[in-house]
Peer 1: 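If you scroll down you'll find the structure; I have some questions about it.
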Amino acid sequence: MISLNIEKTFGFISKENVFAYEAQVKAAQEALEKGTGKGNDFLGWLHLPSSITKEHLADLKATAQTLRDNCEVVVVAGIGGSYLGARAVIEALSNSFTWLQDKKTAPVILYAGHNIGEDYLYELTEYLKDKKFGVINISKSGTTTETALAFRLLKKQCEDQRGKDTAKRVIVAITDAKKGAARVTADNEGYKSFIIPDNVGGRFSVLTPVGLLPIAVAGFDIEKLVAGAASMEKACGQDIPFAENPAAIYAATRNELYKNGKKIEILVNFNPKLHYVSEWWKQLYGESEGKENKGIFPAAVDFSTDLHSMGQWIQEGERSIYETVISVEKTQHSLQVPSDGANLDGLNFLAGKHVDEVNKMAELGTQLAHVDGGVPNMRIVIPALNEESIGSLLYFFEKACGISGYILGVNPFNQPGVEAYKKNMFALLNKPGYEAESKAIQARL
Ligand code: PA5
């Protein structure tokens with residue numbers, strides 16, 4: 001289970017004012033439960049953890065096993081909500097280095113379809129040339145250009161290298177039940193496929209096959225991940241009193257900070273494995289709340305690395321920020337600082353200490369310094385980097401995001417602003433159907 005501490009925001013906002021959100025939070029919770037709020041056709045994530053069946057998990061695990069048995073590398077093709085959740089969990093749980101070793105226990109997981117970098121895609125296809133690889137093609141709409149383009153390259157290469165029959169076994173589609181090009185291709189080619197439920201939006205889809213299949217292929221326990229999320233679903237339920245509901249308190253606190261001029265939330269970690277959890281969180285809150293000229297800007301830093309880059313700005317820059325720190329209580333491994341007879345580096349004062357003790361003091365020292373520098377600080381503690389904790393953390397952020405978006409007064413479940421660049425790109429590329437836009441955009445160049 002995770003815990004949330006907001007004590008270090010109280011010099012900047014008052015506890016009384018945070019607790020004054022109780023009625024708004026209750027109304028938001030009710031709107032989510034009853035489906036009476038904005039975006040109510042996208043609430044399938046709300047009780048997803050507790051409704052995932054054993055049969056569904058078994059199907060995912062069996063498909064993951066087929067990929068594990070037949071692939072040295074699995075490329076996960078997807079972007080945004082069809083990419084970040086899987087990567088967040090896989091990177092949080094993976095050993096930082098063993099995937100580089102020759103003898104692998106699980107296929108190497110690589111990602112594509114999240115950029116349009118020619119060099120990236122060239123280098124990926126080069127790397128895959130002598131590899132037995134498979135592909136998980138993830139797109140809810142089935143028409144996202146970045147993903148479709150990468151998949152076109154990967155499908156052809158997989159078929160050329162492994163033959164059409166094997167390609168059929170090692171390409172899996174995760175997409176809409178009926179619509180979109182990814183669905184048509186999957187059905188025509190006879191790929192194994194999983195459905196992304198209509199009522200679950202991309203950035204809330206990590207606990208659907210979108211996240212669960214790649215996570216299972218990477219060798220992690222999706223039952224435990226879902227169990228962690230399910231326990232958080234209970235802990236953040238409508239019946240839990242405001243003061244004991246971490247999602248409610250987080251949503252209320254960030255809205256109160258925003259009201260008081262803190263327009264930027266910086267999600268902080270002191271563990272490099274959490275980098276992509278922050279990326280996932282940025283998308284969740286950015287796409288959910290940044291609309292109607294409103295919304296906290298979600299930023300993220302990896303400490304202590306970024307204390308040597310962004311630390312200066314955070315300590316002394318414009319006072320429009322607050323920090324939310326994810327702290328991991330226990331490490332997976334143990335490593336002590338050795339003693340050194342010569343002590344030329346002067347580090348013998350650390351001899352015998354665990355590296356994490358040093359890290360934790362960096363964390364505490366940073367919190368005190370930043371609070372002194374005018375930066376309110378929230379702290380989320382998770383027990384360890386394991387499936388249960390990460391599952392809890394993901395659901396906590398999702399639930400808080402739904403509540404927070406409703407408090408802000410926006411529809412947290414749409415993303416109308418994402419279409420603007422696509423329209424221009426299609427017009428510039430002369431996509432059929434965009435003739436009028438192509439003409440109009442040429443006149444602006
Ligand atoms: O959260 C969202 O809805 C988006 O980020 C989508 O996940 C992203 O645009 C990818 O869309 P699709 O899965 O349709 O390819």
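Order of listing sets the numbers, starting from 1, for every ligand and every atom in it.
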Peer 1: Identify the protein heavy atom lying closest to atom 6 (C) of ligand 1, giving its residue, its atom name and the separation to 0.1 Å.
Peer 2: G81 N, 3.8 Å

Peer 1: Starting from the C-alpha separation in whole Å, work towards a yes-or-no answer on ring-ring contact (aromatic ring centres under 6.0 Å, His included) for H308 and F303.
Peer 2: CA-CA 9 Å; H308 298 258; F303 285 167; 9.4 Å; no

Peer 1: Counting each atom of ligand 1 from 1 as listed, which ones have a heavy atom of I79 under 4.0 Å away?
Peer 2: 7 (O), 8 (C), 10 (C)

Peer 1: Do any N or O atoms from the side chain of S392 and from the backbone of G228 form a donor-acceptor pair under 3.5 angstrom?
Peer 2: yes

Peer 1: Say whether T324 and E265, considering side chains only, have a donor N or O and an acceptor N or O under 3.5 Å apart.
Peer 2: yes

Peer 1: Will you find, in the side chains of R169 and T66, an N or O donor that is under 3.5 Å from an N or O acceptor?
Peer 2: no

Peer 1: Does ligand 1 come near enough to S141 that some N or O of the ligand is less than 3.5 Å from an N or O of the residue?
Peer 2: yes

Peer 1: Identify, by atom number and element, the atoms of ligand 1 in contact range of E287, meaning under 4.0 Å from any of its heavy atoms.
Peer 2: 1 (O), 2 (C), 4 (C), 5 (O)

Peer 1: Identify which of I196, T144, V418, N414 has a heavy atom lying nearest to atom 11 (O) of ligand 1.
Peer 2: T144

Peer 1: List ligand 1 atoms under 4.0 Å from Q415, heavy atoms only on the residue side.
Peer 2: 3 (O)

Peer 1: Please tell me if atom 9 (O) of ligand 1 is touched by the protein, where touching means a protein heavy-atom distance below 4.0 Å.
Peer 2: no

Peer 1: Where is the nearest protein heavy atom to atom 3 (O) of ligand 1: which residue, which atom, and how far?
Peer 2: G202 N, 3.5 Å

Peer 1: Hey, are R162 and Q157 close enough side-chain-wise for a donor-acceptor pair under 3.5 Å?
Peer 2: no

Peer 1: Could you tell me how the ring of Y285 sits relative to the ring of F397: parallel (under 30°), tilted (30 to 60°) or perpendicular (over 60°)?
Peer 2: perpendicular

Peer 1: Between R203, E146, K140, which one has a non-hydrogen atom sitting closest to atom 1 (O) of ligand 1?
Peer 2: R203

Peer 1: Before signing off on this row, confirm whether T147 and ligand 1 have an N or O atom pair separated by under 3.5 Å.
Peer 2: no

Peer 1: Please could you name the atoms of ligand 1 that S82 approaches to less than 4.0 Å, counting only its heavy atoms?
Peer 2: 7 (O), 12 (P), 13 (O)

Peer 1: Can a donor-acceptor pair be found, under 3.5 Å and without considering hydrogens, that links the side chain of D221 to the backbone of K224?
Peer 2: yes

Peer 1: So which protein heavy atom does atom 5 (O) of ligand 1 come closest to, and at what separation?
Peer 2: Q283 NE2, 2.6 Å

Peer 1: Cation-pi check, K423 to Y434: give yes when NZ or CZ is under 6.0 Å from the six-membered ring centre and within 45° of the ring axis, no otherwise.
Peer 2: no

Peer 1: Does the structure place the NZ or CZ of K192 under 6.0 Å from the centre of the six-membered ring of F194, at an angle of no more than 45° from the ring's axis?
Peer 2: yes

Peer 1: Going by distance only, is there an N or O of G142 that falls short of 3.5 Å from an N or O of ligand 1?
Peer 2: no

